[in-house]
Amino acid sequence: METNTPLRILMLEDVEDDVGLIERVLEREGLAFKAQRVDSRETFTEGLRTFRPDVVLSDHALPQFNSLEALRVCREHSASVPFILVTGSVSEEFAVNCLKQGADDYVLKTNLVRLPAAIRGALKQRRDEMHRKMAENTLRRQNEELIKINKELDSFVYSVSHNLRAPLMSVLGLINLAQLESRNGDQTLNRYFEMMLHSIHKLDDTLKEILNYSRNARSALTVSAVDVQKVIEESVNRLQYMEGWKAVQLEIEVKEGTTFYTDGYRLGVIINNLVSNAIKYRDVFKGRCELTVTASASDEALKLAVCDNGIGIASDYLPRIFDMFFRATERSEGAGLGLYIAREMVEKLRGHISVDAREGEGTRFTVVLPRIFDDGKSDV
Ligand code: ADP
């Protein structure tokens, strides 16, 4: 309004003298404006279309047309043009009703000095509203974009990891063949083969972790009555080819009920990651490496604990062990993803994971999961 472009004012007013009065008040305020007067529904509608006002000033009672109808017509044409009621006298009730219907302000003709401020105020409010809407739209667009990028990134990570595993498995097969060929051959060559196998298994473990991560991010929960004992046994059995498996005394204790409503795949990965860590981080200098997995399921919750007497974790590192890519010991040959994925999955199952560890003594991870109902809603 304060720019040099004159403000376009459409005045719905049938009394010529009142128009003059209004114009004088605005001129006195130094307002640059161009006014067009109309006095019927037809000319008002036409004015909105062709004159394209920046603001509408409307008298209340005109023959066969009133301000409320004018407001409705105005909003149909242009939702954002400020509409100010400028009228002789109206009841407070009527004025409030007009504001409720979407008028921006009302000014009594007996108090026209307020009109310039009312116009400025209404224009400012509309401008602020427009900026807010634009900001909201930008935010929404950016959000949609982010969700799309996130999805694409997850799919990308998934396919790359998936596709990388196939050639890796071929190399693994070829090394096995080469090992067979040179069974009685060069010892150095055999040692190299062993080292190659070790590296390939490490790489494959990382790829499997990435796949688990993106599967967790991408796929919805699949809830069923899970046999807890069976899931623990299957996850643990998958680890029997791990280095150190034979050195560990494993005990599994499942108390109370054995079935629990949750996502069996995710529960399996959580157990697998915790148990494999207990094996990896066993204390080779201890006479007996102990590992206990306990679970107790009730109707409401499953409590799971994985406890070892391994190398433990320094208290300084404890707050960070669930972070992505964080490794708390040089003993780690992994990518620092196992616990991060375990926590992500626990959270997806709306549960909680905690750790209690003492360096040199051992580590205990505790997971508490609420029962999840088939519709994806948990009990807590
Ligand atoms: P990674 O095993 O690939 O390093 P994780 O996310 O599984 O990554 O674990 C993060 C770190 O937490 C490990 O590097 C290790 O230092 C520590 N940690 C995890 N589990 C145990 C455990 N049972 N005993 C001792 N340290 C552990």
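FYI, the numbering just counts along the sequence from 1. First listed ligand is number 1; within each ligand, the first listed atom is number 1.
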Of all the heavy atoms in Phe365, does at least one lie under 4.0 Å from an atom in ligand 1?
yes
Pick one of side chain, backbone, both or neither for how Ala335 approaches ligand 1, counting any non-hydrogen atom pair under 4.0 Å.
backbone
If we count only N and O atoms by modelled type, under 3.5 Å, do the side chains of Glu333 and His198 hold a donor and an acceptor together?
yes
Lys NZ or Arg CZ of Arg371 over Tyr261 ring: under 6.0 Å, within 45°:
yes
Residue and atom name of the nearest protein heavy atom (relative to atom 7 (O) of ligand 1), distance in Å to one decimal:
Asn277 ND2, 2.9 Å
Numbered in order shown, the ligand 1 atoms found under 4.0 Å of a heavy atom of Gly338 are 5 (P), 6 (O), 7 (O)
Considering heavy atoms of the protein only, find what lies nearest to atom 5 (P) of ligand 1 and give residue, atom and distance to 0.1 Å.
Leu339 N, 3.6 Å
Just by distance, with hydrogens left out, do Ser182 and Asn190 show a side-chain donor and acceptor under 3.5 Å apart?
yes
Quick one, Thr363 and Asn309 - any side-chain contact, counting heavy atoms below 4.5 Å?
no
Give, for atom CD of Glu69 and atom OG of Ser58, the distance between the pair rounded to the nearest 0.5 Å.
10.5 Å
Phe33 six-ring face occupied by Arg8 cation (under 6.0 Å, within 45°):
no
Distance under 4.0 Å to a non-hydrogen atom of Gly336: what atoms of ligand 1 satisfy this?
1 (P), 3 (O), 4 (O), 6 (O), 8 (O)
If you measure every N or O of Ala328 against every N or O of ligand 1, does any of those distances drop under 3.5 Å?
yes
For ligand 1, which atoms have a heavy atom of Thr329 less than 4.0 angstrom away?
15 (C), 16 (O)
Proximal atoms of ligand 1 relative to Phe326 (non-hydrogen, under 4.0 Å):
10 (C), 11 (C)
Which of the numbered atoms in ligand 1 are under 4.0 angstrom from any heavy atom belonging to Ser332?
1 (P), 3 (O), 4 (O), 14 (O)
Residue pair Lys280 / Glu243, side-chain heavy-atom distance below 4.5 Å
no
Atom 23 (N) of ligand 1 [closest protein heavy-atom partner, distance rounded to 0.1 Å]
Asp308 OD2, 2.9 Å
So is there a nitrogen or oxygen of Tyr281 less than 3.5 Å from a nitrogen or oxygen in ligand 1?
yes
Test: Lys109 and Glu13 ion pair at under 4.0 Å
yes
Looking at Ile313, which atoms of ligand 1 are within less than 4.0 Å of one of its heavy atoms?
18 (N), 25 (C), 26 (N), 27 (C)
Which part of Leu337 is near ligand 1, with near meaning a heavy atom under 4.0 Å away: side chain, backbone, both or neither?
backbone
Any side-chain donor near an acceptor of the partner, Thr329 and Ser332, under 3.5 Å
no
Considering Asn273, Ile311, Thr363, which one's heavy-atom position lies nearest to atom 24 (N) of ligand 1?
Thr363
Answer yes or no: are there more than 12 heavy-atom neighbours, outside His77 itself, under 6.0 Å from its atom NE2?
yes
For Lys280, is the nearest heavy atom under 4.0 Å from an atom of ligand 1?
yes
